[in-house]
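One structure is given here, and the rest of the page talks about it.
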Amino acid sequence: MALMPYIAAIDAGIHQEMRRDPKVLYFGQNLATTENHAFLAAYGPERVRVTPISETAEIGIAVGAAMAGLRPVVELYMAEFMLVAMDQVVNEAPRMRYMSGGQVKVPLVLKAGYGFTCGWAGQHTGTLSALFMGVPGLKVAVPATAADAKGLMASAIRDDNPVVFLHHYLLTLEQGEVPDGEYLVPFGKADVRRAGADVTIVATGWMVPRALGAAQQLAKEGIDAEVIDPRTVAPLDLDTILKSVDKTGRVVLVDQATRHASVSSVIAAELAEHGFRALRAPIIQVTAADTTIPYSEPLEAYVLPDEARIVAGVRTVLK
Amino acid sequence: MALMPYIAAIDAGIHQEMRRDPKVLYFGQNLATTENHAFLAAYGPERVRVTPISETAEIGIAVGAAMAGLRPVVELYMAEFMLVAMDQVVNEAPRMRYMSGGQVKVPLVLKAGYGFTCGWAGQHTGTLSALFMGVPGLKVAVPATAADAKGLMASAIRDDNPVVFLHHYLLTLEQGEVPDGEYLVPFGKADVRRAGADVTIVATGWMVPRALGAAQQLAKEGIDAEVIDPRTVAPLDLDTILKSVDKTGRVVLVDQATRHASVSSVIAAELAEHGFRALRAPIIQVTAADTTIPYSEPLEAYVLPDEARIVAGVRTVLK
Amino acid sequence: MSVQSLNAERQVWIYTQMLRIRTFEERVKRTFTDHPGVIRGHTHLADGAEASIVGSLSHFREGDAALATYRCHGYPLTLGSDPKAMMAEVYGRADGLCKGLGGSMHLTDVKRGFLGTSGIVGAGIPHAAGAAWAAQLRKRGDVVFCFFGDGASKQGAFHETLNIASLWKLPAVFVMENNGYNVVTTTAQEDANAAAGEPLSVKAKAYALPGVTVDGTDPLAVYRTVGEAVERARAGRGPTLVESKVYRLSAHGNIIAPPGVPLHYPEHEAIAVFGKREEYEAALRGDPVPRFRGTLILGGVLTSAQADELAARIAGEIEEAVSFALKSPFPKLESALEYNYA
Amino acid sequence: MSVQSLNAERQVWIYTQMLRIRTFEERVKRTFTDHPGVIRGHTHLADGAEASIVGSLSHFREGDAALATYRCHGYPLTLGSDPKAMMAEVYGRADGLCKGLGGSMHLTDVKRGFLGTSGIVGAGIPHAAGAAWAAQLRKRGDVVFCFFGDGASKQGAFHETLNIASLWKLPAVFVMENNGYNVVTTTAQEDANAAAGEPLSVKAKAYALPGVTVDGTDPLAVYRTVGEAVERARAGRGPTLVESKVYRLSAHGNIIAPPGVPLHYPEHEAIAVFGKREEYEAALRGDPVPRFRGTLILGGVLTSAQADELAARIAGEIEEAVSFALKSPFPKLESALEYNYA
Ligand SMILES: Cc1ncc(C[n+]2csc(CCOP(=O)(O)OP(=O)(O)O)c2C)c(N)n1
Ligand SMILES: Cc1ncc(C[n+]2csc(CCOP(=O)(O)OP(=O)(O)O)c2C)c(N)n1
Ligand SMILES: [Mg+2]
Ligand SMILES: [Mg+2]
């Protein structure tokens with residue numbers, strides 16, 4: 001175990017796999033432009049390259065390289081930059097295997113930060129996980145801790161399918177204990193971050209610490225909240241959530257996205273079908289307000305979900 | 001009233017607005033390449049233009065033209081082609097007004113067909129409405145009848161906001177009665193296509209006739225289904241759906257999309273919060289199987305929602 | 001293989017492949033009338049581009065790869081794919097090249113180096129560059145052939161990819177089949193170079209690449225031009241943009257219609273839309289397949305009897321493919337759910 | 001206004017705007033140390049590009065429009081926007097140009113013809129073309145100025161838009177501010193023309209457009225070159241690609257960090273990343289603002305005392321903007337929910 005920031009843990013996951021498998025590539029904009037770059041120095045210019053500002057080509061090249069047997073990791077910085085190349089993400093990478101009748105596989109990782117709500121305003125702050133989660137053939141990881149960041153990145157690289165790896169920008173410097181040596185976190189296994197009996201809170205990314213904070217507040221009032229972090233939203237570990245709801249009968253779903261573009265909607269819909277008998281209260285979603293993110297600090301805080309709103313959500317379902 | 005195919009009704013809506021307002025433009029690929037083209041002949045090359053295969057520029061040009069006071073309608077043919085320009089659709093058009101503090105408006109219509117499940121295989125057949133519906137600033141229309149096609153297109157053109165107008169390809173030649181003269185269908189008003197007391201079925205696009213067919217079948221067994229077509233999914237008329245659920249207590253949501261990329265999930269989530277007290281059974285979603293669409297005919301039919309599955313869904317909620 | 005070594009046998013091979021493509025495509029087209037409903041969705045034929053396809057791929061060797069678009073029947077056929085499996089795929093059958101999941105637009109035959117196609121215009125161009133990166137790392141002089149249309153050069157993907165391919169000296173040959181049309185739009189209506197009377201190979205200048213234009217109806221000219229590009233790529237000197245001027249002899253594709261409406265191939269847009277019958281007829285007179293037949297016969301490489309025999313053999317081969325495909329069962333329903341994930 | 005008519009007054013106007021931009025940008029930068037936490041997110045400064053911005057926009061007339069990127073402070077300032085409202089926007093205040101909703105990256109001032117900016121590289125280029133279509137329809141000779149970086153020319157949006165603009169003869173001038181860097185990547189590392197030692201204006205050939213390269217640190221050279229492009233556009237002869245070579249004198253932007261970490265401007269990448277202090281110092285020696293001051297003084301257009309006085313006046317103006325912005329309240333919370341829909 002070593003204490004390290006989330007961002008270093010992601011790097012550790014990439015290093016782990018690049019050392020192990022010479023087929024892993026790492027490339028993207030504004031990396032490896034000098035020889036001092038850690039990845040370039042370690043693996044050389046054949047496997048580590050800087051690209052122009054050309055996301056469509058970058059991701060498309062990853063698709064082709066993967067089809068030809070390599071395992072590319074594309075550094076995209078911000079999830080929004082995938083939008084200019086969305087066809088490659090949702091209509092090329094995850095379709096090629098299927099349309100070829102299983103002849104090719106497309107193992108690649110699209111690494112992108114998201115949710116950078118600290119003054120980045122309208123175009124750089126989105127929580128886009130739901131855009132990707134419903135696409136057959138595509139997997140989506142959303143680590144909330146340093147350990148998960150390392151382990152999910154490593155698993156993403158080893159996965160034989162395209163993976164969108166979304167790290168939360170506001171967690172960048174959050175420290176966490178990270179297992180040394182080879183470490184993998186499986187896809188499709190939610191983590192019960194806090195066990196509890198009275199209410200189930202589901203959250204991802206930066207919302208996980210908010211949910212844990214809310215649970216702590218609620219504990220003072222004798223309300224025992226279970227906090228579940230799905231860690232990957234495709235595949236989505238519904239079993240763990242359903243099991244929790246069986247126990248608690250009450251759910252609050254937290255999502256930094258706007259409500260109609262949220263993972264929480266998808267989870268709510270699954271619970272409304274498969275967990276209905278256990279539910280003893282409406283499923284409350286705590287999401288961002290239905291707006292583009294404003295620049296100004298107090299306004300930004302105003303539109304985002306926070307501990308107080310999560311606590312309020314829990315109070316509602318306990319009524 | 002005149003009987004006309006869905007596709008002609010859309011054209012009628014565009015004509016209605018182009019005649020009325022010289023600021024309306026219509027452009028896209030493979031249209032107006034000869035002088036015989038109806039729109040080109042009627043409105044001239046200043047307002048009607050063919051474009052190269054350049055969706056990013058096409059939609060981006062629409063954004064800029066709208067900011068400069070025009071009302072562009074972009075012909076995109078297939079919804080998937082918007083994916084290469086997704087940034088313009090979800091991160092430019094609907095953000096410019098907000099980020100400018102309300103200085104500009106961006107009235108434009110992105111007209112695209114979807115759901116062409118008749119052998120178009122993996123990349124041309126998607127039901128993408130859910131990709132757009134959660135983006136603040138963007139509106140999304142999904143007409144299911146010829147009359148709605150005309151009226152919603154006209155309203156889309158008159159709307160001062162960017163609108164994604166998704167017409168269902170399989171409805172192209174479906175005939176319907178369409179009001180003559182100026183005709184507008186308001187956004188955010190669901191249509192109760194069949195009144196019923198026992199169960200609420202919500203469906204859009206090509207799923208509407210499937211749902212009505214299912215309702216007819218069920219009627220023979222004495223089951224009285226209400227069928228609601230939201231007509232626009234952003235804004236979404238939850239009131240009408242909630243009112244119906246208040247009455248029936250049971251819901252089946254039908255969506256041609258895959259389950260985790262569906263509008264039905266969003267509706268289910270809203271009902272699980274706001275309609276919970278009225279619900280007497282789990283909310284059943286009848287969606288496409290979680291797969292890229294196959295080419296081969298029986299396989300394609302196998303993965304799509306159909307009347308039988310809707311009927312089965314209703315039986316489940318009535319159990 | 002250098003241009004010099006294009007011996008008689010190889011010339012006959014080229015003609016054979018051209019004729020196989022033509023015969024296959026004509027047979028596909030006839031399916032719409034002979035067996036209505038068997039082909040679904042959108043099918044795009046390569047008739048007219050045979051010389052370009054075969055002239056290019058005559059440089060293909062083991063380890064190379066090719067990628068293309070929805071207009072993809074010609075390439076795998078040239079590379080040795082089984083026409084039975086190809087036709088079965090076009091018919092959506094269990095024995096199809098892609099198990100009936102891909103259809104006409106998405107033929108793939110990895111064993112023969114045909115890595116795949118995209119139905120989204122331009123989207124396959126970066127895929128080819130990615131495969132070329134893999135080839136570069138293998139250090140065996142492997143090359144990737146990237147085929148796309150003139151219209152595709154108006155997509156951002158073309159621009160972004162050629163810049164990177166040039167920078168990284170990727171071993172790729174970008175063959176733009178300029179057939180003068182994007183569906184019902186002429187090249188001059190949508191391309192600024194064409195509108196200015198310039199060849200589309202001029203675009204290579206924006207990427208500091210060699211750009212050449214070749215008569216794509218002449219297989220030997222294509223053979224030479226693409227051959228130089230392939231040599232350059234194998235030698236590690238980077239990619240080339242080849243504009244290969246062809247004329248498609250069928251309409252863009254069959255009509256686009258919802259289920260229930262019988263599909264068919266309309267007349268070529270030059271006639272049906274622009275009323276320029278002379279343009280189409282001039283193209284027909286330059287039809288590369290009979291023209292190359294004539295060249296070979298005149299050159300004494302092939303006798304007219306041998307050519308007829310070849311045509312009969314190929315007709316039989318393709319007829320067999322049709323019978324095979326028609327007899328092949330539909331895939332098992334559950335197979336629709338396989339292959340989403342590896 | 002033709003080049004001849006650039007009288008003394010107009011030259012002084014150009015210098016004044018250049019100095020206002022410089023002073024504004026330096027003041028913005030100082031906010032990071034003087035008032036930590038007041039500026040959030042990512043701020044990009046235009047210092048170094050003043051001559052290019054003002055030389056270009058000196059041709060701007062009523063009815064014209066300009067669009068740019070996140071590096072957008074210079075344009076509205078030149079076009080007459082109130083620096084108080086601009087600074088208030090950068091500080092996220094209620095009196096901001098965009099009511100605090102947009103911030104530094106998204107300055108917009110429609111009244112002055114500054115239609116907007118996109119923070120997505122390349123995305124604003126088609127917006128400008130769209131505005132140019134509107135200008136074309138108005139038939140009043142209006143022109144649209146489209147500003148973007150060298151890096152943006154690697155986006156598909158650049159390629160697609162220039163082709164259409166050329167085809168449609170849109171009245172637009174595409175000014176590429178080539179500052180040699182995309183963040184920490186040099187142009188030669190990401191651009192095939194640059195890697196081959198060619199100017200980036202060569203790219204215009206792919207669109208059958210005039211492409212010219214100009215020294216963007218010389219306001220009179222920019223004035224002339226952009227002037228010709230503007231005349232061409234006003235006359236209905238179509239767009240021009242102008243590569244304006246500048247050097248940004250600050251780092252790409254302030255550091256990127258989560259909340260809680262104090263933001264600051266790092267050293268320029270030439271020094272901080274590449275260790276090429278000479279490159280940076282050479283650029284500093286060529287700094288367009290003092291250089292143009294020298295030109296004007298030497299040319300007798302301005303005395304040194306007048307220049308000092310001007311500097312003092314401008315310093316006061318910008319200081320006032322800072323005080324105003326600091327005093328401006330935060331927007332009302334509910335205003336965060338307005339303006340999503342018209
Ligand atoms: C991004 C995108 N836009 C539009 C289409 C629709 N489309 C399919 S083929 C085609 C024409 C392509 O023309 P070209 O590249 O010249 O190839 P050709 O068909 O002539 O061989 C178009 C517009 C598409 N498939 N993808
Ligand atoms: C599509 C996209 N990709 C990446 C980025 C991140 N990014 C912001 S500015 C920038 C550099 C742009 O360089 P250039 O166009 O030369 O403009 P400059 O900043 O030098 O003025 C990058 C890569 C972005 N905003 N959008
Ligand atoms: Mg073509
Ligand atoms: Mg730059």
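Proteins come first, then strands; the chains are lettered A, B, ... in the order of their sequence lines, and each starts at number 1.
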So which of [options] has the biggest tally of heavy-atom pairs under 4.5 Å with chain A?
options	value
B/Met82, B/Glu270, B/Met133	B/Glu270
B/Phe81, B/Tyr295, B/Phe132, B/Phe276	B/Phe276
B/Glu80, B/Arg277, B/Gln88	B/Arg277

What are the two closest non-hydrogen atoms of [X] and [Y], and how far apart are they?
X	Y	result
A/Thr291	B/Tyr98	OG1-CE1, 3.3 Å
B/Ala269	A/Ala268	CB-CB, 3.6 Å
B/Arg95	A/Thr292	NH1-OG1, 2.9 Å

Which atoms of [X] come close to chain B, meaning under 4.5 Å heavy atom to heavy atom: side chain ones, backbone ones, both, or neither?
X	result
A/Met99	side chain
A/Arg280	backbone
A/Val317	neither
A/Pro294	both
A/Glu92	both
A/Leu279	both

Notebook entry, point to check: Do you know which of A/Ala272, A/Ala130, A/Ala261 has the most heavy-atom pairs with chain B at a distance under 4.5 angstrom?
Noted result: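 Most pairs with chain B among the choices: A/Ala272.
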Next item on the list: Among A/Leu131, A/Ile267, A/Leu271, A/Val263, single out the residue with the greatest number of heavy-atom pairs under 4.5 Å to chain B.
Entry: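 The option with the most such pairs is A/Leu131.
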Next item on the list: Could you list which of residues 237-260 of chain A have a heavy atom closer than 4.5 Å to any heavy atom of chain B, in residue-number order?
Entry: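 A/Thr258, A/Arg259, A/His260, listed by number.
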Item checked: Between NE2 on residue A/His274 and CD1 on residue B/Ile283, distance to nearest 0.5 Å ->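 Output value for this atom pair is 11.5 Å.
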Notebook entry, point to check: When you measure from the side chain of B/Asn91 to the backbone N and O of A/Gln123, does any donor-acceptor pair fall under 3.5 Å?
Noted result: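 Yes, because the side chain of B/Asn91 sits within donor-acceptor range (under 3.5 Å) of the backbone of A/Gln123.
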Margin query: Does any backbone or side-chain atom of B/Val90 lie under 4.5 Å from a heavy atom of chain A? Answer side chain, backbone, both or neither.
Written below: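 Contact with chain A: side chain only.
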